[in-house]
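The next block holds one structure in the form of structure tokens; read it before the comments.
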2 protein chains.
Amino acid sequence: MTDHAERPLRADARRNRARVLRTAAEVFATEGLSVPVHEIARRAEVGTGTVSRHFPTKEDLFAAVLLDRMRTLADYADALTAEQEPGNAFLGLFTKLVHEGAAHRGLAEALTGAGFDIEAAAAAAGCDVSGRLRDMLTNAQQAGAIRPEITYADLKALMAGCLAYEGDDLDRVINVVRRGLQ
Amino acid sequence: MTDHAERPLRADARRNRARVLRTAAEVFATEGLSVPVHEIARRAEVGTGTVSRHFPTKEDLFAAVLLDRMRTLADYADALTAEQEPGNAFLGLFTKLVHEGAAHRGLAEALTGAGFDIEAAAAAAGCDVSGRLRDMLTNAQQAGAIRPEITYADLKALMAGCLAYEGDDLDRVINVVRRGLQ
DNA sequence: AGTGAAGCGGGACGACCATCCCGATTGTAG
DNA sequence: CTACAATCGGGATGGTCGTCCCGCTTCACT
């Protein structure tokens, strides 16, 4: 899917691409996915054509925004797996993902099913956070730290629930779920 | 807000209104809120003008659909309060609400924040299901059946989570939450 | 049956938005 | 410094959808 043998972008193009990406990340995070592409272009101080050349569709743009974050989260997951026992590693990633989603409205919307196929985008980039969460769940269950009947689909729903919370003590909601999982 | 001193509708108008309402209930339940009003009119075999005369905006239409269901749920809540101890009554209503939402996609979407102000619509009709849930939470907490730090906002989020579940054993997810609340 | 108003159908209108296109501009190789 | 190709800007295009309007039909009261 990605361009192969891509010749290097001209300097101004590279600059504009980065500027669009940075603006889109901010805007998606604070205002969600429904922001028009025109608006992102306006705030990035480029034409709409510039946006749509670098990112042919809105979904492409969002996927690109997601990529950085996914990479970071995948590293975080690996660190947890290495340093903690299975139960804590799993719960730690779960908590991290929820906090991450709470700080990024677009990510939360994508997770709660509003259109974009977030898993495909992440997996395509080799940053399979979902897969890691799935594995960590299995390990935590084998270690007896998490109830055995819980499935990955359950987790997704429970994450969506925490993300739907609008208040000032997200951890209280997370703790309800953590208790329920154990 | 509602029309006062309304003179009775003509027989055909009443028939059409009911037909639109019934169709809208089905369509919203199975396909969600994004179905165009034109499509509802088409399936109800009326013109779009007929729909928009009875229900000036799409939100009005959805609110009317919700009303029946809300009334039923309010009665259910009252019955639970009368017949069960506070903890079971509360958990029973919570479970009922989630199952209800799972069977009605439009309701679930409205609860998870997609636009419509569901609480205002229900409260205006004197069917304050939310208020009942809130009261039952307080009672259950005073009876020691539910953790005291839980708030109504937490509940809404956790309900949204259960509604986000797509699978065949919703009760497994509900049970995670129930355990976490106790 | 007759008549006036209530109600009907569905096309028109306007708002919004993603995507595409093209003439003007700018970077860069030679 | 020149020339050309890459890139830019932002208006044009096409599609979707909610709401409104108006000429025609149907009801219901006398």
Side-chain angles (χ1 to χ4, degrees), chain A residues 1 3-24 27-28 31-66 105-106 109-110 114-117 121, chain B residues 1 3-24 27-28 31-66 105-106 109-110 114-117 121:
Chain A
M1 296 306 165
D3 291 345
H4 296 284
E6 12 188 270
R7 93 187 84 71
L9 287 175
R10 226 168 64 177
D12 57 341
R14 196 165 43 244
R15 217 170 23 240
N16 277 327
R17 187 181 200 282
R19 183 205 286 271
V20 169
L21 211 42
R22 186 156 26 87
T23 306
V27 173
F28 281 146
E31 309 187 26
L33 297 178
S34 67
V35 179
V37 174
H38 281 79
E39 177 62 18
I40 292 175
R42 197 184 63 74
R43 296 204 204 176
E45 294 172 356
V46 300
T48 63
T50 302
V51 175
S52 77
R53 192 165 343 94
H54 287 298
F55 310 99
T57 72
K58 191 176 185 175
E59 185 156 4
D60 290 333
L61 176 56
F62 182 59
V65 165
L66 233 48
R105 206 173 139 186
E109 285 175 19
F116 294 94
D117 187 349
Chain B
M1 296 304 166
D3 291 344
H4 296 284
E6 12 188 87
R7 91 189 87 70
L9 286 175
R10 230 168 63 178
D12 56 342
R14 195 164 46 243
R15 225 177 7 250
N16 277 325
R17 187 181 199 281
R19 183 206 286 272
V20 168
L21 211 43
R22 185 157 25 88
T23 306
V27 173
F28 282 146
E31 309 186 27
L33 297 178
S34 67
V35 179
V37 173
H38 282 80
E39 176 62 17
I40 292 174
R42 199 186 61 77
R43 297 205 204 177
E45 295 172 357
V46 299
T48 61
T50 301
V51 174
S52 77
R53 193 165 343 93
H54 288 297
F55 309 99
T57 72
K58 191 176 187 176
E59 186 157 3
D60 290 333
L61 176 56
F62 181 61
V65 165
L66 232 50
R105 207 173 137 186
E109 286 175 18
F116 294 94
D117 187 350

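All values below were derived from every heavy atom in this structure, side-chain atoms included, with hydrogens, water molecules and symmetry-related copies excluded.
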For the side chain of [X], counting heavy atoms from C-beta on, which of [options] is nearest?
X       : options                : result
B:Lys58 : D:dC20, C:dT28, D:dG18 : D:dG18
B:Thr50 : C:dA12, D:dG10, C:dG9  : C:dG9
B:Arg10 : C:dC8, D:dA28, D:dC8   : D:dA28
B:His38 : C:dA18, C:dA12, D:dC20 : C:dA12
B:Thr48 : D:dG10, C:dG9, C:dG10  : C:dG10

Note: for A:Ser52 and B:Ser34 on DNA chain D, the residue whose nearest nucleotide lies more 5' is A:Ser52

First of A:Gly47 and B:Thr57 reached from the 5' end of DNA chain D, by closest nucleotide: A:Gly47

Under a 4.5 Å cut-off applied to non-hydrogen side-chain atoms, are [X] and [Y] in contact?
X       : Y       : value
A:Arg17 : A:Phe55 : yes
A:Glu39 : A:Glu31 : no
B:Leu61 : B:Ile40 : yes
A:Val46 : A:Val20 : yes

Atom-to-atom span, [atom1] of [X] to [atom2] of [N] - whole angstrom:
X       : N      : atom1 : atom2 : answer
A:Arg17 : D:dC8  : CZ    : C1'   : 16 Å
A:Leu33 : C:dC17 : CG    : P     : 14 Å
A:Arg15 : C:dT26 : CZ    : P     : 12 Å
B:Arg53 : C:dG7  : CZ    : C1'   : 5 Å
A:Asp12 : D:dT7  : CG    : P     : 8 Å
B:Glu39 : D:dC17 : CD    : P     : 10 Å
A:Leu9  : C:dT26 : CG    : P     : 19 Å
A:Arg14 : D:dT7  : CZ    : P     : 10 Å

Would you say A:Asn16 reaches D:dC8's phosphate, i.e. side-chain N/O to OP1/OP2 under 4.0 Å? yes

Looking at CG of A:Leu33 and CD of A:Glu109, how far apart are the two atoms once the value is rounded to the nearest 0.5 Å? 4.5 Å

D:dT7 base / A:His54 side chain donor-acceptor hit below 3.5 Å: no

Under 4.0 Å between any heavy atoms, over every strand shown, what does A:Ala41 touch: base, sugar-phosphate, or nothing? Just pick one. nothing

On DNA chain C, more 5' by nearest nucleotide between A:Pro36 and A:Gly49 is A:Pro36

